[in-house]
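Here the structure comes first, spelled out in structure tokens, and everything after it is commentary.
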Amino acid sequence: MRESNPEGDYYTVSVGMAAPRSVYACDPDRSRGRLFQEPPSKTRSPFRRDCDRVIHSTAFRRLKHKTQVFVFHEGDHYRTRLTHSLEVAQIARALARQLGLDEDLTETLALAHDLGHPPFGHAGERALDVCLQAHGGFNHNAQSLRVVTSLEHRYPEFDGLNLTWESLEGIVKHNGPLSEPNDMAAASYRRRGIPVGISDYNRIHDLELSSFASLEAQVAAIADDIAYDTHDIDDGVRAGLFSVDDLKIMPLTAQMIAEIGERYPDLDDDRRGAELVREIISYLIGAVVTEARSRLQAARPQSVNDVRNYGEALITFPAEAAHAEGEIKSFLKTRMYRHPRVMKVMGEAEQIVFDLFGRYQKTPGDLPPEWLPHDGRESEAERARRIGNFIAGMTDRFALTEHQRLFDSTPDMR
């Protein structure tokens, strides 16, 4: 793994044996526990148990048929929410191992971070947000919290997965605090307020929304950035939206492509793209590890609570890597996410969600019996949120099947 030096080369970080557990790592033996008390597992730590519960959840299996960028029927080799989550977990574990963090908690948060995403990727999220605008909107982090605290029905004594406090904290706060110490919404939530699913839950189980999350959660968040930056390059090349040579517009990837060409002058475009993706992942992981070690040495946290109360994130990209990563995001936004082919399909996806939501509001009997209120009485907000929960749990395939059942014509989405 390569590490930046004054000559401007990449990053090289030793990736041999795992670092010993750090004093600032989350310790499963000191977990704050679960909302509903349970006997401890005889064979697994609390965080390993959390991870296993996520893996065995219905919501995790559904990620197999939820869009990352390309709808499932566009090809078998494109990423889905499931394969994306697995790639995030792999990168997050690599980072956690180097920094002496708890790998089980890190993996839990990486695998759980997208459980609340609706069908059709960000298009489905945008559409549901519009549909629920009068009732607090839709936020996929809040929906992930709903999934693991109420929507999964697998255990006899409680709804949800009854994850540890540390896992719930990481799901909610992996992108930073949601509120100020005076309980005012943090700057990024000031306009719309803290998502209702999070604020409601926090009243019964305080996740300390004004502090930063653990390093394990911060690692999972930055691993998410690394994973989707790189695998979207791979998928974009595979889809023919751009070529490997188009990426020469950015200094970092131009240098990497030139070096790949020197080492492998006759390599085909698919293999060049795969090699480039590996180089970018190695560069970004190395950059994060080096920057984290530097920040941790300066901050000298002696516990996970020191991390939470430090006042800023300790897991970030250094300036040079942050600039390069930002350029990759800008390139993908222009050449992939806003490509006419992708925009056309995503526009059709949004309309499918609008259609389904409107139909279920108008004709509640079209919902499955288990999704109808038991006593037939509920407020308008409760009905809208229930419909939103049902649609958010759909796979792309099920949403299309439902639309075909309820409407005369359904977009081809190709």
Side-chain angles (χ1 to χ4, degrees), residues 24 26-27 30-37 50 105 108-109 112-117 125 128-151 158-222 224 295 299 301-316 379-382 384-386 388-389 392:
Y24 40 74
C26 280
D27 185 346
R30 297 182 178 181
S31 169
R32 299 194 192 185
R34 307 175 190 276
L35 182 61
F36 301 98
Q37 290 189 2
D50 282 0
L105 177 58
T108 299
L109 298 175
H113 82 283
D114 271 354
L115 290 179
H117 262 290
E125 183 170 12
L128 270 183
D129 190 38
V130 172
C131 293
L132 291 165
Q133 201 66 58
H135 309 290
F138 181 86
N139 174 280
H140 76 264
N141 282 341
Q143 193 67 18
S144 294
L145 183 66
R146 286 192 189 95
V147 167
V148 301
T149 58
S150 64
L151 295 179
F158 49 79
D159 289 338
L161 304 180
N162 199 30
L163 303 181
T164 60
W165 186 93
E166 291 79 6
S167 289
L168 297 178
E169 176 207 33
I171 289 171
V172 167
K173 298 192 302 188
H174 61 269
N175 288 324
L178 281 74
S179 69
E180 305 288 351
N182 61 5
D183 291 333
M184 180 183 294
S188 56
Y189 296 93
R190 197 72 46 78
R191 185 174 65 87
R192 299 186 58 179
I194 296 170
V196 289
I198 296 173
S199 57
D200 289 349
Y201 184 81
N202 201 62
R203 293 188 187 99
I204 63 169
H205 195 191
D206 186 6
L207 299 178
E208 300 177 3
L209 301 182
S210 64
S211 65
F212 280 81
S214 65
L215 292 180
E216 286 82 357
Q218 295 181 38
V219 158
I222 209 163
D224 186 25
R295 286 173 173 255
Q302 297 303 303
S303 68
V304 65
N305 283 333
D306 287 349
V307 170
R308 292 187 177 108
N309 297 316
Y310 184 64
E312 62 183 60
L314 290 164
I315 306 296
T316 66
S379 68
E380 181 183 350
E382 289 170 335
R385 184 60 62 184
R386 178 170 49 79
N389 288 339

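One is the number of the first residue; the rest follow in order along the sequence.
- Residues N141 and H174 form a side-chain contact, since some pair of their non-hydrogen atoms from C-beta on lies under 4.5 Å apart.
- Taking the ring pair (Phe, Tyr, Trp, His ring centres under 6.0 Å) definition, one finds that Y201 meets it with H205, sequence neighbours left out.
- Here the options are Q218, E216, R295, the test is side chain to side chain contact (heavy atoms under 4.5 Å, CB included), and the partner is I315; only Q218 passes.
- Residue I198 forms a side chain to side chain contact (heavy atoms under 4.5 Å, CB included) with just one option from I171, L178, L207, and that option is L178.
- In this structure, A217 and A213 approach most closely via the heavy-atom pair CB-CB, 3.6 Å.
- The two residues A384 and L132 make their nearest non-hydrogen contact at O-CD2, 3.3 Å.
- With values rounded to the nearest 0.5 angstrom, L109 atom CG is found 11.5 Å from D224 atom CG.
- Listed by chain and residue number, D50 satisfy the side-chain hydrogen bond (donor to acceptor under 3.5 Å, both in side chains) test with R34 (two or more places apart in sequence, or in another chain).
- Minimum heavy-atom separation, G388 to L128: O-CD1, 4.0 Å.
- Scored by the side-chain hydrogen bond (donor to acceptor under 3.5 Å, both in side chains) test, R308 finds E169, N305 as partners (sequence neighbours excluded).
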Exercise for the section: Under the side chain to side chain contact (heavy atoms under 4.5 Å, CB included) rule, what do L105 and S167 come out as? Steps first, then yes or no, please. Expected result: CA-CA 7 Å; L105 177 58; S167 289; 3.5 Å; yes
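- Every side chain to side chain contact (heavy atoms under 4.5 Å, CB included) that R192 has, sequence neighbours left out, goes to D129, Q133.
- Within the 4.5 Å cutoff, the side chain of D114 has no heavy atoms near those of the S144 side chain.
- Distance check, rounded to the nearest 0.5 Å: OG1 of T164 to CG of L35 gives 12.0 Å.
- Contact between Y24 and V307 at its shortest, heavy atoms only, is CB-CG2, 3.8 Å.
- Nearest heavy atom pair, residue L115 against residue V148, reads CD1-CG1, 3.8 Å.
- Partners of R191 under the side-chain hydrogen bond (donor to acceptor under 3.5 Å, both in side chains) rule, at least two apart in sequence or in another chain, do not exist in this structure.
- Screening S199, P177, P195, S179 for a side chain to side chain contact (heavy atoms under 4.5 Å, CB included) involving Y189 leaves a single residue, P195.
- Closest of all the heavy-atom pairs between S150 and D159 is O-CB, 3.5 Å.
- Partners of Q37 under the side-chain hydrogen bond (donor to acceptor under 3.5 Å, both in side chains) rule, at least two apart in sequence or in another chain, do not exist in this structure.
- Looking at E125, its side chain never comes within 3.5 Å of a backbone N or O of N139 through a donor-acceptor pair.
- Atom CD of E380 is separated from atom NE2 of H135 by 4.5 Å, given to the nearest 0.5 angstrom.
- Here CD of E208 is found 8.0 Å from CG of N309. Values are rounded to the nearest 0.5 Å.
- Residue N389 holds its CG atom at 8.0 Å from CZ of F138, rounded to the nearest 0.5 Å.
- Between Q143 and L151, some side-chain heavy-atom pair lies under the 4.5 Å cut-off.
- Summarising the geometry, atom CZ belonging to F36 is positioned 9.0 Å from atom OG1 belonging to T149; distances are rounded to the nearest 0.5 Å.
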